[in-house]
Amino acid sequence: MGAALRRIQLGSALSAFGLGFTVPYLYVYVAQVRDLGAGTAGVVLAVFAMAALAVLPFTGRAIDRRGPLPVLVVASAVASLGAAALGLSSGVTASVLSAAVLGAGTAVMQPALATMLVWCSSTATRTRAFAMQFFLQNLGLGIGGLVGGQIVDTSRPETFTLLFLIEAAMFVVLGVIACTVRLSRTPSFSDVRPTDGSEAPGGLRALLSHRAMVQLCVLGFVLFFACYGQFESGLAAYGTEAAGIQPSTLGIALAANTAVIVVAQFVVLRLVERRRRSRVIAWVGLIWAFAWIVAGYAGLGHGSQTMATAAMISTYALFGLGESMLSPTVAPLVADLAPESMVGQYNSAFALCKQLALAVGPAVGGPMGATLHGPYIVTFVLFSLGITVLALRLGRQLTPVQDQPSIETVPSRVVAVSLPEAEPAVASAVTTR
């Protein structure tokens, strides 16, 4: 990695570390520590998600007009302000407003960081750059959650305030690191960076007319709806209600998910980076379908409690394996599909689809996982198989290089080649002249 890419990855990891301090404890903080009740905690979580939906439609054009660097700096400052305010909030109104500011800031940071990764990488190196970002973000989230768990004490609100202030400091660090990045003008993306402040061409109509991108957005929605949208809602409710596992076991299952990602990421990367992206995503659908079948055994089978617990942990681990296959395929594909003047808009559009899935997923999966155990498993097995179908259909819309960047011909760096057998002829030509 170049110096700019290393700094971007470092800032991304540190911001994820800060998020890991607070995300697992946000509900407990609002409902119990500040004693605002479960209803207010639900509103705070909903506002956190809805704020992202409100700002993402405008983020892409701002990135393409001004560049991702200033957008990232502003977003990190906003997120820092929201985190600090939430840590000091003790009333309903202050908590809701702080969550909205924090949600808006963190939502804008993601497409800005993704666009900076695109600018600092080439088609050949982009797969590995996004895989590295996913690895570092999960590592940061996991370590942040573990460290935060050692600090929090529900009987002492100041410990939670400390967590939010640490998170705010990490966002400030991200902004400072971003200010030190000097983006070079690479040949493949030379005119994606406006220097005269003019508005980038394109827009929503151009994006919607791009069939491959529309199919990728639909695929992205299903991916996040069938996996991430169920982790802390439907799958957790199903595990405790149908499988009868203890709530503390969910923490172990999430740790297993993160551990698989951290351990398997670069092993998986070696296996998938020379294969067609659409086929890799199709395999993810099959792996997740099997994961849901394992979850079905945990809750609907008649095995022992130990077997049910092991099956639920295995479900989360299988999801982690699929996630490690997605990180080097989906995000780089968004960048490779984007016209050079619309990289930010494409990244923001995909982030918006992701956020919609994360908002709809818990609303649909939560009630089903808690009460309709059989239909819940069948529904998400079918959704996972739908991922395979959508991925194979998407592959027909991609160019060979978009689907498999490793086949792209790399220009030779050799300037001149001396051929010994040609030397006499060359000498003769010089003499004749």
Side-chain angles (χ1 to χ4, degrees), residues 1-26 52 68-69 71-80 82-83 102-103 105-121 125-151 162-183 228 254-255 257-269 320 323-332 335 347 351 354:
M1 295 185 297
L5 188 55
R6 284 197 299 270
R7 294 181 185 184
I8 295 167
Q9 299 283 32
L10 174 62
S12 177
L14 290 175
S15 66
F17 176 70
L19 280 170
F21 268 93
T22 61
V23 169
Y25 314 108
L26 185 56
L69 182 56
V71 174
L72 178 61
V73 171
V74 172
S76 61
V78 171
S80 178
L102 177 60
T106 54
V108 173
M109 283 162 47
Q110 295 308 310
L113 280 169
T115 305
M116 291 184 74
L117 285 181
V118 172
W119 284 14
C120 293
S121 61
T125 62
R126 198 161 296 135
T127 295
R128 195 164 287 267
F130 276 97
M132 174 65 79
Q133 185 197 39
F134 186 72
F135 166 80
L136 291 175
Q137 284 185 335
N138 276 276
L139 188 62
L141 284 169
I143 295 176
L146 288 174
V147 175
Q150 305 305 310
I151 298 175
L162 176 61
L163 293 190
F164 282 100
L165 292 178
I166 292 174
E167 180 184 33
M170 291 298 100
F171 290 139
V172 171
V173 171
L174 170 61
V176 172
I177 291 176
C179 289
T180 67
V181 173
R182 296 293 180 266
L183 297 176
Y228 296 94
L254 286 169
N257 173 268
T258 302
V260 168
I261 293 172
V262 171
V263 172
Q265 181 64 85
F266 293 104
V267 176
V268 170
L269 178 61
E323 292 173 71
S324 66
M325 295 170 66
L326 288 177
S327 62
T329 52
V330 175
N347 280 319
K354 171 184 174 180

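Below, each value reflects all heavy atoms present in this structure, side chains not excepted, and no hydrogens, waters or symmetry copies.
- The minimum heavy-atom distance linking Leu174 with Ser15 is given by the pair CD2-CB, 3.8 Å.
- Taking both residues in full, the closest heavy atoms of Ala83 and Phe164 are given as O-CB, 3.4 Å, listed atom of the first, atom of the second, then distance.
- The line from CD of Gln110 to CG of Leu72 is 9.5 Å long, rounded to the nearest 0.5 Å.
- Atom CD1 in Ile177 sits 11.5 Å away from atom CD in Gln9 (nearest 0.5 Å).
- The minimum heavy-atom distance linking Thr115 with Pro111 is given by the pair OG1-O, 2.8 Å.
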Can you give each donor-acceptor pair under 3.5 Å made by side-chain atoms of residues 133-143, sequence neighbours left out, with the distance rounded to 0.1 Å?
residue : atom : partner : partner atom : Å
Gln137  : NE2  : Ser12   : OG           : 2.9
Asn138  : ND2  : Phe134  : O            : 2.9

Next item on the list: Could you give me the CA-CA distance, side-chain angles and deciding distance for Trp119 and Leu5, then say whether side chain to side chain contact (heavy atoms under 4.5 Å, CB included) is met?
Entry: CA-CA 9 Å; Trp119 284 14; Leu5 188 55; over 6 Å; no
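- Shortest non-hydrogen contact noted between Ala178 and Leu69 is O-CD1, 2.9 Å.
- The CG atom of Leu102 sits 6.5 Å away from the OG1 atom of Thr22 when rounded to the nearest 0.5 Å.
- Nearest approach of Val172 to Ser80, heavy atoms of both residues: CG2-OG, 3.3 Å.
- Side chain of Thr329 to main chain of Leu326: a donor-acceptor pair is present (N/O by atom type, distance under 3.5 Å, no hydrogens or angles).
- In this structure, Met109 and Ala75 approach most closely via the heavy-atom pair CG-CB, 3.7 Å.
- To the nearest 0.5 Å, atom CD of residue Glu323 and atom OH of residue Tyr228 are 3.5 Å apart.
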Checklist line | Derivation of the side chain to side chain contact (heavy atoms under 4.5 Å, CB included) call for Ser324 and Val260 | finding: CA-CA 8 Å; Ser324 66; Val260 168; 5.5 Å; no
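- Interatomic distance, Phe266 CZ to Arg128 CZ, rounded to the nearest 0.5 Å: 7.5 Å.
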Next item on the list: Report the C-alpha separation of Leu19 and Thr106 in whole Å, then their side-chain angles, then the decisive distance to 0.1 Å, and conclude whether the side chain to side chain contact (heavy atoms under 4.5 Å, CB included) test is met.
Entry: CA-CA 9 Å; Leu19 280 170; Thr106 54; 4.1 Å; yes
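- No donor-acceptor pair closer than 3.5 Å links the side chain of Arg126 to the backbone N or O of Ala335.
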